Chemist: 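Have a look at the structure that comes next, please.
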Amino acid sequence: MMAACTLRLLLSPTRGIHQLFSHTRNFCSSSVPSQFERVGFIGLGNMGSRMADNLFKAGYSVVVHDINHDVMKAFSDKGFLTKNSPLGVAEESDTVITMLPSSAHVMDVYMGPEGILNHGDQVRSRLFIDSSTIDPQTSRKVSAAVAATILNGGSAMLDAPVSGGIISAENGTLTFMVGGSEEAYRSARPLFLSMGKNVIYCGGPGTGSAAKICNNLAMAVSMLGVSEAFSLGQSLGIGAATLTEIFNSSSARCWSSDTYNPVPGVMEGVPASRNYDGGFATKLMAKDLNLAAISANEVGARSPMTSSAQKIFTELCDRGFETKDFSCVFRHYFHGKDEV
């Protein structure tokens, strides 16, 4: 009965979201997912497709949309309800999750000709979650527009980008960085935990996007430092496998050395072991570093590492390596050699 009452609150246009969450925060975790029995998912690329699959496996009814018709057919064949527009998804869903390539795509899904906000009176969804990696300013702009447009302000939006890559998306072990209303975050935790294993609340609107930009900046700089060190070590007569053992048992240990090693022949199951195919594309790293540079400029922050990393990964893209994993910087920028 409590779950049914909550669902009625969720769908009622006269109830503010603060009323909804004041009721739901006292629910046990097993009853919370009933608020969002039908989940809309927009953006079925390498990450989104796997996230949608995991929601489906968790028992949610998932409604999907993507501009790729072949992908839509594949999901239809698997039993998903498909819609031809973002608005169509929002009309059928209790919550909508977007996983899109850029800020421009997010803006189009919400504010474009077929966007969700153009027909707010037709939208059933009461919670919107954007897991795209975009700039914090766009996240805040869309969040404010959702609150002002959808059902007279009765909806909420969370920016919730992810870390972990394709493998974690496949295995349901992503980390979500969440910005927005803390009450909305608590209500959405069961959804996040159907797709990931870590969910971290960062603060108000835009802070999830800010956290993701900072995370990827640190990841980029770490990969550059490790790759440069391995290349220098090879030039000085020290094998990368030996240096890896030293790094991983001393102060240089990091994700780029012990989990995602960039030297071919040192570690199995990473992009370096398959000619840098798969993984996190260099063009995506360049895009994220551009977001970091823009954000740093807007707040007047010093960002020399951002600038250097941005130049290096942009150069790799210009030289034709944009689809290779970003760890290819070891081979194609620092001219490191495979470990024999």
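For clarity, every value in this text was computed on a predicted model and none was experimentally measured. Position 1 is the first residue of the sequence, and the numbers go up from there.
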Chemist: Tell me, with the steps shown, if V89 and V64 meet side chain to side chain contact (heavy atoms under 4.5 Å, CB included).
Modeler: CA-CA 7 Å; V89 171; V64 300; over 6 Å; no
Chemist: Are there over 12 heavy-atom neighbours, none belonging to I294, within less than 6.0 Å of that residue's CD1?
Modeler: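 Counting other residues, nucleotides and ligands, CD1 of I294 exceeds 12 neighbours.
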Chemist: Check the pair F326 / Y260 against side chain to side chain contact (heavy atoms under 4.5 Å, CB included), numbers first and verdict last.
Modeler: CA-CA 11 Å; F326 80 108; Y260 213 78; 3.8 Å; yes
Chemist: Before giving the answer on side-chain hydrogen bond (donor to acceptor under 3.5 Å, both in side chains), spell out for D135 and T138 the whole-Å C-alpha distance, their side-chain angles and the decisive distance to 0.1 Å.
Modeler: CA-CA 6 Å; D135 61 281; T138 297; 2.9 Å; yes
Chemist: Does any N or O in the side chain of S76 come within less than 3.5 Å of the main-chain N or O of M72, such that one atom is a donor and the other an acceptor?
Modeler: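 Looks like no, no N/O pair under 3.5 Å.
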Chemist: Carefully, step by step, assess D94 and R126 under the rule side chain to side chain contact (heavy atoms under 4.5 Å, CB included).
Modeler: CA-CA 6 Å; D94 301 319; R126 305 289 284 166; over 6 Å; no
Chemist: Just to verify, which of S139, S131, S132 counts as forming a side-chain contact (heavy atoms from CB on, under 4.5 Å) with D159?
Modeler: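 Of S139, S131, S132, side-chain contact (heavy atoms from CB on, under 4.5 Å) with D159 is met by S139 alone.
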Chemist: Inspect the surroundings of CG in N68 and state if more than 12 heavy atoms from other residues, nucleotides or ligands are less than 6.0 Å away.
Modeler: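 Yes, the 6.0 Å shell around CG holds more than 12 heavy atoms from other groups.
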Chemist: State, with a plain yes or no, whether a side-chain heavy atom of P264 is found less than 4.5 Å away from one of Y276.
Modeler: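 Yes; the side chains approach each other to less than 4.5 Å.
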Chemist: Using a distance-only test with no angle check, is there a side-chain donor-acceptor pair under 3.5 angstrom linking D288 and T133?
Modeler: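 No, because no side-chain N or O of D288 sits under 3.5 Å from a partner of the opposite role on T133.
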Chemist: Kindly check if the number of other-residue, nucleotide or ligand heavy atoms within 6.0 Å of CD (E182) is above 12?
Modeler: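 Enclosed: over 12 neighbouring heavy atoms sit under 6.0 Å from CD of E182.
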Chemist: Any salt bridge between R253 and D258, counting N to O under 4.0 Å?
Modeler: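 Salt bridge present between R253 and D258.
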Chemist: Run the numbers on S327 and D325 for side-chain hydrogen bond (donor to acceptor under 3.5 Å, both in side chains), then give the verdict.
Modeler: CA-CA 5 Å; S327 62; D325 182 77; 2.5 Å; yes
Chemist: Pairing donors with acceptors under 3.5 angstrom, does anything connect the side chains of N261 and S256?
Modeler: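 Judged by distance alone, the side chains do not pair up.
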Chemist: Does this structure show an ion pair linking K311 with E315, if we count only N-O contacts that are shorter than 4.0 Å?
Modeler: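 Here K311 does not pair with E315 in a salt bridge, since their nearest N and O are not under 4.0 Å apart.
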Chemist: Is D53 paired with K57 through a side-chain N to carboxylate O contact shorter than 4.0 Å?
Modeler: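 The answer is no: the pair does not qualify as a salt bridge.
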Chemist: Determine, for D277 against K324, whether the closest basic-nitrogen to carboxylate-oxygen distance falls under 4.0 angstrom.
Modeler: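 So D277 pairs with K324 through a salt bridge.
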Chemist: Within the 3.5 Å criterion, strictly below it, is a donor on T175 or N198 matched to an acceptor on the partner's side chain?
Modeler: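 Side chains of T175 and N198: pair found under 3.5 Å.
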Chemist: I167 vs E170, test: side chain to side chain contact (heavy atoms under 4.5 Å, CB included). Steps then yes/no.
Modeler: CA-CA 5 Å; I167 294 174; E170 181 85 34; 5.6 Å; no
Chemist: Given the rule that I, L, V, M, F, W and Y join up when any side-chain heavy atoms are under 4.5 Å apart, are F80 and M51 in one cluster?
Modeler: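 In one cluster with F80: M51, yes.
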Chemist: Taking only Lys NZ, Arg NE, NH1 and NH2, and the carboxylate oxygens of Asp or Glu, determine whether R331 and D338 approach each other closer than 4.0 Å.
Modeler: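 Between D338 and R331 there is a salt bridge, with a charged N closer than 4.0 Å to a carboxylate O.
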Chemist: Checking Y110 against D130: is there a side-chain donor and acceptor pair closer than 3.5 Å?
Modeler: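 No - no donor-acceptor pair under 3.5 Å links their side chains.
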